[in-house]
Amino acid sequence: MAVNNAETLLIPQCETVGCLENIETITAMEGVDGIFIGPFDLSISMGIPGQFDHPDFQAALKRVLEACHKNGKFCIYFTVNPDAIADGFQQGFDAMAYGLDAAVLVQAYRNILAKVRG
């Protein structure tokens, strides 16, 4: 158990306004290693679905990042846009998650088929 406890990360997802409103408390909790931001669900919960450039959404990202870094926790952001990965690191995210495994696989096969078909 000691090894498992030492080697396992606890990474809650911030996908609701409720989580956002309590992010400073959550990131200060012992045992929480970081936060994973689910932008689609968070933006829906905020009433601005998919509006990732909206000032309120950008302020939410900044709030989560600041809470994580203040408390020595890492912050992960999810994107389906490969061009956004570098931007995420520039914004201060510690890790970027890209796409869904099935979508990445489908796109890879589409690229292969496009090359085969010329």
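Every value quoted in this text rests on a predicted model; they were computed, and no experiment measured them.
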Novice: Does Leu105 belong to the same Ile/Leu/Val/Met/Phe/Trp/Tyr cluster as Phe78, with side-chain heavy atoms less than 4.5 Å apart forming each link?
Specialist: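 Different clusters: Leu105 never reaches Phe78 through Ile, Leu, Val, Met, Phe, Trp or Tyr contacts under 4.5 Å.
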
Novice: Hey, could you give me the NZ/OG1 distance between Lys73 and Thr27, rounded to the nearest 0.5 Å?
Specialist: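 Answer rounded to 0.5 Å: 6.5 Å.
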
Novice: Would you check if Met96 and Thr79 make a side-chain contact, meaning some heavy-atom pair closer than 4.5 Å?
Specialist: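 Touching, per the 4.5 Å side-chain cut-off.
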
Novice: Is the closest side-chain heavy-atom distance between Phe52 and Asn81 below 4.5 Å?
Specialist: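 Phe52 vs Asn81: side chains apart.
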
Novice: Taking side chain as C-beta onward, heavy atoms only, is Asp41 less than 4.5 Å from Ser45?
Specialist: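 No, side chains not in contact.
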
Novice: More than 12 heavy atoms of other residues, nucleotides or ligands under 6.0 Å from CG of Asp53: is that the case?
Specialist: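 Open.
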
Novice: Atom CG of Leu65 and atom CD1 of Ile23: how far apart are they, to the nearest 0.5 Å?
Specialist: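 Here the rounded value is 10.0 Å.
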
Novice: Tell me the closest heavy-atom pair linking Gly50 and Ser43, and the distance in Å.
Specialist: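 Minimum heavy-atom contact is N-OG, 2.9 Å.
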
Novice: Could you tell me whether the side chain of Leu20 reaches within less than 4.5 Å of the side chain of Arg63, counting heavy atoms only?
Specialist: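 Yes, at least one pair of side-chain atoms sits under 4.5 Å.
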
Novice: Can you confirm whether the side chains of Asp87 and Gln91 place a donor and an acceptor under 3.5 Å from each other?
Specialist: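 Judged by distance alone, the side chains do not pair up.
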
Novice: So, for Phe89 and Ala95, which heavy atoms are closest and what is the spacing to 0.1 Å?
Specialist: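 Distance-wise, the nearest heavy atoms are CE2-CA, 3.8 Å.
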
Novice: Within this structure, what is the CD-CZ distance for the pair Gln51 and Phe57, rounded to the nearest 0.5 Å?
Specialist: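 Here the rounded value is 10.5 Å.
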
Novice: Could you state the interatomic distance from NE2 (His69) to CG (Asp94), rounded to the nearest 0.5 Å?
Specialist: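 Rounded to the nearest 0.5 Å, the NE2-CG separation comes to 3.5 Å.
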
Novice: Within this structure, what is the CD1-CD1 distance for the pair Ile76 and Ile11, rounded to the nearest 0.5 Å?
Specialist: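 Output value for this atom pair is 4.5 Å.
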
Novice: Applying the 4.5 Å side-chain criterion to the ILVMFWY set and letting contacts propagate, would Ile44 and Phe36 be lumped into a single cluster?
Specialist: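 As far as the 4.5 Å side-chain criterion goes, Phe36 and Ile44 are not connected within one cluster.
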
Novice: So, do Asp33 and Phe74 sit near enough that their side-chain heavy atoms are less than 4.5 Å apart?
Specialist: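 Yes; the side chains approach each other to less than 4.5 Å.
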
Novice: Are Leu10 and Val3 connected, step by step, through hydrophobic side chains (Ile, Leu, Val, Met, Phe, Trp, Tyr) whose heavy atoms are closer than 4.5 Å?
Specialist: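 No, it is not one cluster - the side chains of Leu10 and Val3 are not joined through contacts under 4.5 Å.
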
Novice: Between Val64 and Ile48, is there a shared hydrophobic cluster once you connect ILVMFWY residues whose side-chain heavy atoms come closer than 4.5 Å?
Specialist: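 Both belong to a single hydrophobic cluster.
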
Novice: Can you see which heavy atom on Gly34 is nearest to which on Pro12, and at what distance?
Specialist: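 Smallest heavy-atom distance, with atoms named: O-CD, 3.1 Å.
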
Novice: Determine whether Val80 and Val106 fall in the same hydrophobic cluster, where Ile, Leu, Val, Met, Phe, Trp and Tyr are linked whenever their side-chain heavy atoms lie under 4.5 Å apart.
Specialist: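 No.
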
Novice: State the CZ-CD1 distance between Phe93 and Ile35, to the nearest 0.5 angstrom.
Specialist: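 Answer rounded to 0.5 Å: 12.0 Å.
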
